[in-house]
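Remarks on the structure that follows.
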Amino acid sequence: MELKVIKNVDPQIHPTAIIDPTAVLHKNVVIGPYTVIGPDCEIGEGSRIDAHVVIGAHTRMGKNNHIFPHAVIGEEPQDLKYHGEYSTVVIGDSNSIREYCTIHRATGENQETHIGSHNMLQAYVHIAHNCNLGDYIVISSFSGLAGHVTVEDHAVIGGMSGIHQFVKIGSVAMVGGMSKIVQDVCPFVIVDGNPSRVVGLNSVGLSRNHINQDVKKELKRAYRLIFRSGLRLDDAINQMEQELSSTPEIEHLLSFLRNCDRGLCRTRER
């Protein structure tokens, strides 16, 4: 088998694109027709920016990202508290950001809106100021994240969902389509509806993320303590600390619950 070497080549910029002279484009970057790259931006190696994309000021982007037509990244936040201060959007590697997505800069001096790596943001997704997204997240079309939302690794958010400001979505959680989320979503569970309620453990997500059977059993015990026992959250946490095995997943769950600022989405009333 012949080894194919991909050469480093200068950025390929369509003649109709407008690139600010302060922007930095690394090797193998492709810029499509009528795209605008604003001041103080950096586009990482191997990234592809399709036609009619607008990348505003102070945006940092890692390697091998694909930005589809008409996305807008790094424009000023839709926030009355914003008064022109320096802020950024920082994006990791290998993200797919689909058509008409909007990702806004942060509010606050030297603050950032952060997107990790290997995420898929589908068409018309909105990421507001000061959001913090981890890795391997899928956000389906027409969903919106208000300001200061945190989404942890491997979470899935269904289409046309709305996430209230300052809410946290836990790792390997799934939000059903057209949900209204106003409280924190526990890691490893499924929530759905308006008002949203926890409907079960995210068994499919656990399998897809290769969580072994012993850990799944501990997470099921944790689920029953949090959502089925009738205990107050603080009491459930204390019992989990005493009864459950210390695994990275359980420790992460406990840390999330201890820092649950907006209250926790609960199960449906019976």
Side-chain angles (χ1 to χ4, degrees), residues 77-81 101-104 113 119-134 137-206 208-209 219-240 249 252-270:
Q78 299 175 137
D79 185 358
L80 296 175
K81 300 188 299 298
C101 279
T102 52
I103 303 172
H104 287 170
T113 300
N119 300 299
M120 175 182 281
L121 308 183
Q122 295 182 6
Y124 292 92
V125 164
H126 174 63
I127 308 296
H129 60 90
N130 300 83
C131 283
N132 183 10
L133 275 63
I137 294 162
V138 177
I139 304 181
S140 298
S141 297
F142 298 97
S143 292
L145 276 59
H148 300 273
V149 166
T150 297
V151 184
E152 295 185 340
D153 298 349
H154 298 280
V156 177
I157 297 176
M160 295 185 280
S161 295
I163 315 298
H164 195 279
Q165 56 261 41
F166 293 99
V167 158
K168 299 174 187 174
I169 308 293
S171 59
V172 199
M174 180 170 184
V175 174
M178 297 188 286
S179 293
K180 175 185 176 182
I181 306 297
V182 299
Q183 293 178 300
D184 292 347
V185 175
C186 181
F188 311 113
V189 304
I190 300 172
V191 299
D192 188 49
N194 178 8
S196 288
R197 294 289 184 264
V198 174
V199 297
L201 204 62
N202 186 11
S203 300
V204 173
L206 295 176
R208 287 177 177 172
N209 288 283
L219 290 173
K220 288 178 181 177
R221 293 178 63 196
Y223 177 87
R224 288 193 290 269
L225 286 170
I226 299 166
F227 298 110
R228 299 295 187 189
S229 67
L231 293 171
R232 295 174 58 253
L233 182 58
D234 288 344
D235 295 332
I237 291 171
N238 290 335
Q239 196 160 334
M240 289 166 61
E249 293 81 6
H252 176 75
L253 176 58
L254 287 167
S255 176
F256 185 97
L257 296 173
R258 293 187 196 105
N259 294 282
C260 187
D261 299 325
R262 289 193 56 84
L264 199 64
C265 280
R266 309 299 292 190
T267 55
R268 296 186 186 278
E269 298 293 337
R270 293 189 171 185

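All values below were derived from every heavy atom in this structure, side-chain atoms included, with hydrogens, water molecules and symmetry-related copies excluded.
In terms of modelled atom types and a separation under 3.5 Å, the side chain of D184 and the main chain of K168 share a donor-acceptor contact.
Residues M240 and I226 share a closest heavy-atom pair of SD-CG1, 3.8 Å. Across every non-hydrogen atom of I237 and R258, the tightest pair is CD1-N, 4.2 Å. The two residues D192 and G176 come nearest to each other via the heavy atoms OD1-CA, 3.4 Å. When every heavy atom of G158 is checked against every heavy atom of S143, the shortest pair comes out as O-OG, 2.7 Å. Between Y223 and L201, the closest heavy-atom pair is CE1-N, 4.0 Å. Taking every heavy atom of both residues into account, V167 and Q183 meet most closely at CG1-O, 3.7 Å.
Separating the CG atom in L254 from the CD atom in E249 is a distance of 12.0 Å, to the nearest 0.5 Å. The CD1 atom of I181 sits 11.5 Å away from the CZ atom of R262 when rounded to the nearest 0.5 Å. Interatomic distance, R224 CZ to L231 CG, rounded to the nearest 0.5 Å: 13.0 Å. In this structure, NE2 in H126 is found 5.5 Å from NE2 in H104, a value given to the nearest 0.5 Å. The line from CG of N238 to CG of L225 is 11.0 Å long, rounded to the nearest 0.5 Å. In this structure, CG in L145 is found 9.5 Å from OG in S161, a value given to the nearest 0.5 Å.
Taking the six-membered ring where tryptophan is involved, the planes of Y124 and F142 are essentially parallel, since the angle between them stays under 30° and well short of 60°. The aromatic rings of F166 and H148 sit parallel, their planes meeting at an angle under 30°, below the 60° perpendicular limit.
Between the side chains of S171 and H154, no donor N or O sits under 3.5 Å from an acceptor N or O.
Partners of D153 according to the salt bridge (Lys or Arg N to Asp or Glu O under 4.0 Å) rule, which considers only residues two or more places apart in sequence or in another chain, do not exist here.
Residues V189 and N202 have side chains not in contact (no heavy-atom distance under 4.5 Å, counting atoms from C-beta outward). Counting only heavy atoms from C-beta outward, the side chains of F188 and V172 approach each other to under 4.5 Å.
Each of V125, I163, V175 was scored for a side chain to side chain contact (heavy atoms under 4.5 Å, CB included) with I139, with one residue passing: V125. Here the rule is side chain to side chain contact (heavy atoms under 4.5 Å, CB included) with I137, and of V156, N119, I169 only N119 fits it.
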Under the criterion side chain to side chain contact (heavy atoms under 4.5 Å, CB included), I'd like the reasoning laid out for C101 against I127: C-alpha separation, chi angles, the key distance, then a yes or no.
CA-CA 8 Å; C101 279; I127 308 296; over 6 Å; no

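Other residues, nucleotides and ligands contribute at most 12 non-hydrogen atoms within 6.0 Å of the CZ atom of R208.
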